[in-house]
Amino acid sequence: MRYSIINVLKQGLAGQKGWQAAWRDATPKPQYDVVIVGGGGHGLATAYYLAKLHGITNVAVLEKGWIGSGNTGRNTTIVRSNYLLPGNEPFYEHSLKLWEGMSRDLNFNVMFSQRGVLNLCHSDAQRDAYARRGNAMLMMGADAELLDADQVRRMVRGLDFQNPRFPITGGLLQRRGGTARHDAVAWGYARAASELGVDIIQNCEVTGFVRDDDRITAVETSRGRIAAGKVGLAVAGHSSLLAEMAGIRLPIESHVLQAFVSEGLKPWIDTVVTFGAGHFYISQSDKGGLVFGGDIDGYASYAQRGNLPVVEHVAAGAVALFPALGRVRLLRSWGGVMDMTPDGSPIIGKLPIGNLYMTGGWCYGGFKATPASGWCLAHTIANDAPHALNEAMSLERFARGRAIDERGAGPRPNLH
Amino acid sequence: MSQAFRLGSGGRIDRSASLRFRFDGQSFQGHPGDTLASALLANGVHLVGRSFKYHRPRGIMTAGSEEPNALVQLAPAKARTEPNVRATVVELKNGLVAESQNRWPSLGFDLGQLNDVLSPLFPAGFYYKTFMWPKAFWERVYEPRIRAIAGLGVAPAKPDPDRYLHRHAHCDVLVVGGGPAGIAAALEAGRSGKRVILVDEQAELGGGLLALPDAAVEGLDELAALPEVRVLTRTTCTGYYDHNYLVMLERVTDHLAEPDPDLPRQRLWRVRAGEVVLATGALERPLVFRGNDRPGVMLASAARAYVNRWAVRLGSRAVVFTNNDTAYAAAFDLHRAGIEVGCIVDVRPEPKGKLVAEARELGIRIRAGSVVTGTEGPLRVNQAVVAPLDQAGGIGGYLGTVEPCDLLLVSGGWNPNVGLFSQARGRLRFDDALAAFVTGDASLPREQRLRSVGGAAGDFSGFDAPPTPLLPIWAVPSDRRGKAFVDFQNDVTAKDLGLALTEGLRSIEHVKRFTTTGMGTDQGKTSNVNALAIVAETLAKPVAEVGTTTFRPPYVPVTFGALVGHSRGDLFDVERRTAMHDLAVARGAVFEDVGNWKRAWYFPKPGEDMHAAVVRETRQVREAGGILDASTLGKIDVQGRDARTFLNRVYTNAWSKLAPGMCRYGLMLRDDGMVYDDGVTACLDDRHFHMTTTTGGAPRVLAWLEDLLQTEWPELEVYLTSVTEQWATMAVNGPLAREILAPLVEDCDLAAEAFPHMAWRAARIAGVQGRIFRISFTGELAFEVNVPADQGAAVLAAILEVAEPRGVTLYGTETMHVLRAEKGFIIVGQETDGTTTPIDLGMDWIVAKKKGDFIGKRGLERPDLVAGDRKQLVGLLTKDQKTVLVEGAQVVATPTGRVPWPMLGHVTSAYASPNAGRPIALALVAGGHARHGQTLWVPMPGKRPIPVEITAPVFFDPENKRLHG
C-alpha cells in the first residue's frame, strides 16, 4: 500500500488493519544475477538502484542479522557534503542531492532535515583551513558559508565563546546538511527494492565464496549455497573479513566508534554543531535527545561496544562547548565497527576478482554516503566499470599513491 | 492540609522534623527520610506528569530508579535546574522546588491530551508514511511542530555551577547492591580481610528489606567495624567494562538543602575489582492491560514500600492484580495499615498455599482465574473492571464486573536485575518458571570475574512471598477499545507492537526501533520483558528465540558533569605557557594558540594594530635584529648506542657523519612519503642528540617515535625523553645578533669562523650555563639561545637590556611567519597538509638517494607520487603588486569559469611583505614547478578573480648572503 496521508487516515479509521509488511521476508532462491552481501543502507540502496536504474531485478540482499543492524542503525545520522578534495566532494554532493529527493523517491519519510551543519573554528589556522574547504566546496557546486563569531552566536544557543583554549571565532556552515532518521533509510530502501522484485533475505550469513578461476560462482551461506552472477560487498565494519573469504587482503582496520544520546529535552540545538578541535559533534533529534559522538576508541576491534575513556573525553568536549550540559544526563552509549582505511576515504569499485565489487572503508562517514554509495556500486556492477563519481575511490589508489586524504593523517587507519 | 495521607505511625521517616517543598507551585510538607514521590503521595498527589506522546495523565508507578512515569523538573529556571528527574529517587530536602513536565497549560488540564483522542491516526511509525508532500513542508511545518511537542524537561540555560570529581579505586571484592544478599556477601569477604567496596543506590543499606513492615537490617554494625570494607550509599554502579572495570556514580550533595562548597556535587568512581558480586536484586514487572497507566496504578512492591517505609496511606480502597504470590504480601500490609483491599485478582485459576489461606483469614476476597480487563478514572483510577479468563485465555465476551478502587496494585512477576551482568557480556537465559531472563554465569568471558547472588541470580528464597508459582500473562485481554501500555514513558502499546509485526518488522530490534519501546530514560527496565514476550506470543515463538535487547551502559542516566569531572573550563585542555610568558605579557604581547601553547603573536606599540605591528617588527628584524620566544618547539633528547641509526631511519637525509658540535635540518616523512614534521637536530656526542620538532607536532612525534622503537625496531637501543619544558629557547636574529650576544656570552667565541652556521656550542649566557645553536628561520644571522627553563625569563631580560637600545625588538609568531615566507621556508601544517611530499615542496635535496632505508622511501616511489601533475610549492605575486591574497583561496587556470570549476591548487600563505616591498604568497599548484612565469587566477567569492604570477618561492635574499653574515 502506498504511504500517504490519505492511507494513514483511512487506516486510522480502520484500526490499522490494512497495512502489509514493508518488504517481503524472502527465502533464498538457488540463483541470482547479483548477490549483495550486507543488508545495511548501502547494500539495500545498491539493490534498489540496480533494479530501478539498471533494470537488474534478479537480485538478493543477504543480511546475517536484521536489516540495518550494523552501522546504518548505530550512527549519529549526520548528512553533509562539506568535503575538500576533488576525489570526494562531487561524490558527496551527489549523495546530498539524492538525500534531498529520497523520501519521495522511496515513498518513505526518512525525515531528512536540512537543519545545517556547522563546523566551529577556534584559531586563525583553522579558519584558513575552513576557508580553503569552503572555497573548494563552492567551486565544486556545493553550498558553504564562512561565519564569524556573531553569526554563530545568532545560530546556536548556549555555546561557550570564551573557552580558554577554544574560543569560538567562527565556523563553516553548510545549510543543506542536516540529519535523517537512520533506521528509516534501511527500511525505506528495503521496501522500495522489494517492490521492484529484490529479495531481502535476513538471518542469512555469508560463510564463504565458491570460486572458479577468476570468478565467484556462488556464495556459501548459513542458509545454503546461492549461485551468483556478480557479487557486491556492502559490509562496512567487516569488509576485511568478507574480502578475506574471497582471498583478498584489504588495507582496512576495524575500529570501534561510540555514539551517545542524552535524555529527551525540549528543543535546544537546532543545527548540527561540530567541534573538531575538541573531537565532538552534536545534534538534537526530533524526539528531543541530544545525539553526539567523538573519536574512535583507538584500538582495533570488532565489538559493537566501547570503553570509558572515550565516553569521558566526549562528555568533556560536550561541556566545553555547552557548559550548561553539566546537569543534563547521558542516557545511552553504543558502539559501531568502522572500516578504517589508510587515507580516510572509502573504497567503491571492482576488486581483483572478475565479478566481485565492493563498497566499504567508510571510516565513520558512511551514513551520509548511503544513497550515492549504493548508486555508484549499482552503476559499477551493472557496467563492470566505475562511474566518474567513484573512479577515484578505487582499491588501486593505495598502491599507486593517489590517496584521497581529507585529513592529511596518512596511512595509519586509526588516525582518520 | 498537610500530609493528610500519612499513616499515624510507622515508617522510616523522621516525624520530629518537617520539610517544606513545592510542586507545581503548591506548597507541601514532608519528613526527612521521604523521597519526593513518597512526600507527594503522603499529600495525596498521585498525578505527577504527562506522557511523552499522548500526554496521558501519569502517576507514580515504582519506588526506585526504574520509574518510567514520575519525571519532574527540579529547581525550574535556576542554574541548578535539572530535567527528567525521577521523583522516586529524589530525597526530600527543605525548600525543594519541582515542576511537572510536558504539559500545557497545566498538569490537570493539558491540551496535549488531544493527541490521545487522535491517537488512532498516529500509531507507531505513522511519521514514516506521511509528511512527504509538499516537500518543503517537512522542514518548515511538520518537523518543527513535532520537535516542539517532543522532548520532556528543559535543559538548563546557564553554565552548571557545581563541581564534580573522579576517583579511582581498587578492591578485592566489589559488591553491587546493599540488600540482604549484598550485605552477606560483603560481610563474608570482609571477614577474611579482603578489601571490599559495597555500593548501594539508596541513602541507606537494606535494599528490599526496607520495604518490609518493621524492617530490621542486620549486619550493619559488623560491616562498619571491618577495617577493609568501604560502604558507599547513594552510589549507583552504572557501567561494567572489560577486565572488571566498573563505573559508579556517587551523589554526594544532591540530598542537601544547600550544596556544601567543600564537596563535589557528584563523584564518579572508576573501580578495578578482583571479583564482582552482583547483588542488584530484582525488579517487579507491570501487567499490560487497558488503562494500566492511570495514576493510582502501581507496582505491588512499590505500594508495599510506600506503606511500610514511608507510612503513606496510598488510597482508601485497593484492588490487587497479580499472577504470582508476591503481591499477596503487599495486600496484607495494606490491609494492616487500614487500607481496604477490595479483592485480589489472581490470574492463576487455583492459587494455593498459606498466603491464600491468610488472605481468607483477613477477609480479603480472591478472584482467581481472573484478570483486570481495564480501568477507568479521569486523572486517577476510580475503578477496575474484572473478568474471569476462559479456557482459551480470553474473556469470552464477558463484560466484567466493576471493582471501585483508587489504588490498583499490579504484579506481573519479577525480572532479575541483570543489566550489569549483561554489560559484562554475560549471556542471558529465559527461565520459564520465573518467566524472566536469568544469568548464565558459565557464559562469561574469562577476564570478567563476577558472580550474581540473591534476586539478581534468580534466587528469591529471601522473599517473604517468592514470585513462584507464576502464571505468565502478557497481553491481558481487554473489555473494550483502549490503550494497554508496554512502555509507559514512550507511550508504546501492545497494539503498536502488533502493528510493527504486521509491517514486517519482526526482529525484536526492529520492533524496538519502530515503536521506540525500551528507549526512554528508564531504558526499558519495566517494559523490555513484556515487549519481548508479547512479540513472541504474537509470532508464536518461544521468548528465547525472539532474543533480548542489548543492555547498554549506563545502567541509569549519568550527568555529563560527573563524566567530565575536572576536565572543564580552564582544565578542559590545559593551556601551556613558556618561561618567558609573563615577560611577553608585560611587553603587551597579543597571544595566539598553537597546539596547547600560548605564543606571543605580535607586540603592538600604542596605537598599532596587528598589521602595523607586524610591518614594524619585520623591518626591525632585518634592519637591526629581533628576538623570538621559540621555547614551544618540541625538544626530544635522543640517547643510546643506536641513536644515529635511528635518526637515519626517521629522517630523509643522512646523519652518519654529523659531528659533535654540529646541527642538521631534517624532514620526517610518514610511511606514505608525506611530510610529517621537521626540525633541527644537534649532535651532542656520538650517542646523544638534541632533536627539535614543530610546536604542534611535538606530542605526536614523540608518541610516534616511541611507537616505532617499541614495536618496529625493538632491537635499537635508543632512549627518548621529552625536554620541551626543560629548556627556554630564544632566537636572536638579525644583523646585530652577534654584537648583542657577545657581551653576555662566556666560554664561547661567536665569530663566524669559530662558530659557523649550523653549529652549536655550550656557553654561559648572562651567567647561566646553556647551549647556543647557530640556526636561522629568518634567513638572517641568528643564534638560538637555550637555557634551563627557570632561568629563561632572567636571561631574556638580560639580552633585552643590551638589545633594545640598539633597535632590536621582541617579535611574535606572525612576524616569524612573514620572515620565513620571504625566504620560502615552509611551515609543516601550513605549506603541507599531510598530502605533500618533499618533492612537491621542491626539497628533493633533502631526500638521500644513497643511504639505506628510511620511513617514506618506498612510499615516495609509488607511480602517482612521481607524476608531474601533483600540487607543488610555488610563489605567487599579485599582478597589481598591492593585493594581499587570502590563505585558503583556490587557484584556477582562467579568469572565468562555471561550477564545477577545476582547481589547480590553493594559497597556503599570504602576507604583506615590507622587506620584499610587495605582497607575497606561497601556494601549492598542480605542476607548479613547471609553471614559473605563468599567469593564473585566484577567484574570490563575490569578487573578480585576482591575476597572479607564478614564481619561485623565495622573495628575499635569494643568495643567502645575510645568513652567513
Side-chain angles (χ1 to χ4, degrees), chain A residues 3 5 8-9 12 16 19 21-23 25 66 103-104 108-109 113-114 123 128 131-132 135-136 138-141 164-165 183-184 263-268 286-288 307-308 311-312 315-316 318-320 323-334 400-402 405 408-411, chain B residues 82 84 120-121 123 126 128-132 139 143 146-147 150-152 154-156 158-160 241 499 502-504 507 509-510 513 521 552-553 557-561 563-564 567-568 570 572-573 575 593 670-672 674 833-835 862-865 887-890 899-901 903 906:
Chain A
Y3 288 170
I5 185 74
V8 167
L9 292 174
Q16 315 291 350
W19 298 115
W23 67 88
D25 202 6
W66 35 280
S103 290
R104 299 219 281 178
F108 199 105
N109 188 355
S113 168
Q114 293 178 295
S123 67
D128 289 349
R132 179 185 167 201
N135 285 328
L138 293 172
M139 305 279 282
M140 290 185 273
R165 273 280 290 120
D183 293 321
E263 295 183 346
L265 298 166
K266 288 294 175 195
W268 176 11
D286 284 352
K287 201 169 161 242
N307 262 302
L308 183 67
V311 182
E312 294 179 347
V319 173
L325 271 177
R327 309 184 83 77
V328 172
R329 281 181 296 261
L330 180 137
L331 172 61
R332 194 163 58 232
S333 67
W334 63 93
R400 294 195 56 82
R402 197 155 293 256
D405 191 346
Chain B
E82 210 183 348
N84 306 332
L121 304 182
F126 76 99
Y128 300 126
K129 300 178 184 130
T130 179
F131 300 143
M132 287 177 274
E139 275 173 47
E143 193 185 35
I146 290 173
R147 284 173 84 86
L152 294 165
V154 179
K158 302 189 185 90
D160 186 356
Y241 293 91
L499 181 62
T502 307
E503 297 209 19
S507 152
E509 285 289 342
H510 279 156
R513 287 155 183 267
T521 62
R552 295 191 172 109
V558 179
T559 53
F560 281 75
L563 290 169
V564 168
S567 303
R568 52 192 275 210
D570 291 357
F572 166 58
D573 194 31
E575 67 177 42
D593 292 325
R670 295 182 316 222
D671 310 66
D672 60 353
M674 303 301 164
D833 62 4
T835 66
R862 290 180 294 169
D864 285 6
L865 286 194
E887 289 169 5
Q890 300 291 332
V899 166
W901 199 350
M903 293 167 283
H906 69 281

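In what follows, chains carry the letters A, B, and so on, assigned in the order in which the sequence lines appear, proteins first and then strands, with residues in each chain numbered from 1.
Contacts of A:Ala409 with chain B are made by backbone atoms alone, with heavy-atom separations under 4.5 Å and no side-chain atom involved. For A:Trp268, the part sitting under 4.5 Å from any heavy atom of chain B is the side chain, from C-beta outward, and nothing else. Residue contact with chain A, scored on non-hydrogen atoms closer than 4.5 Å, involves the backbone and the side chain of B:Phe131 alike. When heavy atoms are compared at a cutoff of 4.5 Å, B:His906 approaches chain A solely by way of its side chain, counted from C-beta outward. In this structure, the portion of B:Ser507 lying under 4.5 Å from any heavy atom of chain A is its side chain and not its backbone.
The distance from atom CH2 of A:Trp66 to atom NE2 of B:His510, rounded to the nearest 0.5 Å, is 5.5 Å. Atom CZ of B:Phe126 and atom CD of A:Gln16 lie 10.5 Å apart (nearest 0.5 Å). Here CZ of B:Arg552 is found 7.0 Å from CZ of A:Arg332. Values are rounded to the nearest 0.5 Å. A distance of 6.5 Å separates OG1 of B:Thr835 from CG of A:Asp405, quoted to the nearest 0.5 Å. Expressed to the nearest 0.5 Å, how far OH of B:Tyr128 lies from CG of A:Asp183 amounts to 6.0 Å.
The candidate with the highest count of non-hydrogen atom pairs below 4.5 Å against chain A, out of B:Gly504, B:Pro557, B:Pro120, B:Pro159, is B:Pro557. For the set B:Val564, B:Asp573, B:Asp593, the entry with the most heavy-atom pairs within less than 4.5 Å of chain A is B:Asp573. Contact count against chain B (heavy-atom pairs under 4.5 Å) is highest for A:Pro164 among A:Pro164, A:Gly288, A:Ala184, A:Ala131. For the set B:Val154, B:Val558, B:Asp570, B:Asp671, the count of heavy-atom pairs under 4.5 angstrom toward chain A peaks at B:Val558. With respect to chain A, the highest number of heavy-atom pairs below 4.5 Å among B:Arg568, B:Glu575, B:Met674 belongs to B:Glu575. With chain B as the partner, the residue from A:Ala324, A:Pro323, A:Gly12 showing the most heavy-atom pairs under 4.5 Å is A:Ala324. Most heavy-atom pairs under 4.5 Å with chain A, from the set B:Pro900, B:Pro156, B:Gly561, B:Pro863: that is B:Pro863. Highest contact tally toward chain B, considering only A:Gly141, A:Ala315, A:Pro411, A:Gly264, is held by A:Pro411 [criterion: heavy-atom pairs under 4.5 Å].
Considering all non-hydrogen atoms of both residues, A:Asn135 and B:Gly888 come closest at ND2-O, 3.2 Å. What you find for A:Lys266 and B:Leu152 is that their closest heavy atoms are CE-O, 3.3 Å. The two residues A:Gly326 and B:Asp160 have their closest heavy-atom pair at C-OD2, 3.3 Å. Taking each heavy atom of A:Arg327 and B:Glu82 in turn, the nearest pair found is O-CG, 3.8 Å. When all heavy atoms of B:Thr521 and A:Leu331 are compared, the closest pair comes out as CA-CD1, 3.5 Å. Counting all heavy atoms, side chain and backbone alike, B:Leu865 lies closest to A:Gly401 at CD2-O, 3.4 Å.
Remark: B:Arg670 pairs with B:Asp672 by the side chain to side chain donor-acceptor pair (under 3.5 Å) rule, at least two apart or across chains. Scored by the salt bridge (Lys or Arg N to Asp or Glu O under 4.0 Å) test, A:Arg402 finds B:Asp864, B:Asp869 as partners (sequence neighbours excluded).
Side-chain contact check for B:Thr559 versus A:Val328: every heavy-atom pair is 4.5 Å or farther apart. Contact annotation: the side chain of A:Arg329 approaches that of B:Asn84 to within less than 4.5 Å [non-hydrogen atoms, C-beta and beyond]. Contact of the A:Trp23 side chain with the B:Glu503 side chain is not registered, since no non-hydrogen atoms from C-beta on lie closer than 4.5 Å. Here the side chains of A:Met140 and B:Trp901 are not in contact, with every heavy-atom distance at 4.5 Å or above. By the 4.5 Å heavy-atom criterion applied to side chains, A:Tyr3 and B:Met132 are counted as neighbours. Two residues are said to be in side-chain contact when any heavy atoms from C-beta on lie closer than 4.5 Å; B:Arg862 and A:Arg400 fail this criterion. In this structure, B:Glu143 and A:Asp286 have side chains that are in contact, with non-hydrogen atoms separated by less than 4.5 Å.
Salt bridge present: A:Arg132 and B:Asp833 bring a charged side-chain N and a carboxylate O closer than 4.0 Å.
Under the 3.5 Å distance criterion, with hydrogens and angles disregarded, no donor-acceptor pair is assigned to the side chains of B:Glu139 and A:Ser113.
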Applying side-chain contact (heavy atoms from CB on, under 4.5 Å), run through A:Val311 and B:Leu563 and close with a yes or a no. CA-CA 8 Å; A:Val311 182; B:Leu563 290 169; 4.2 Å; yes

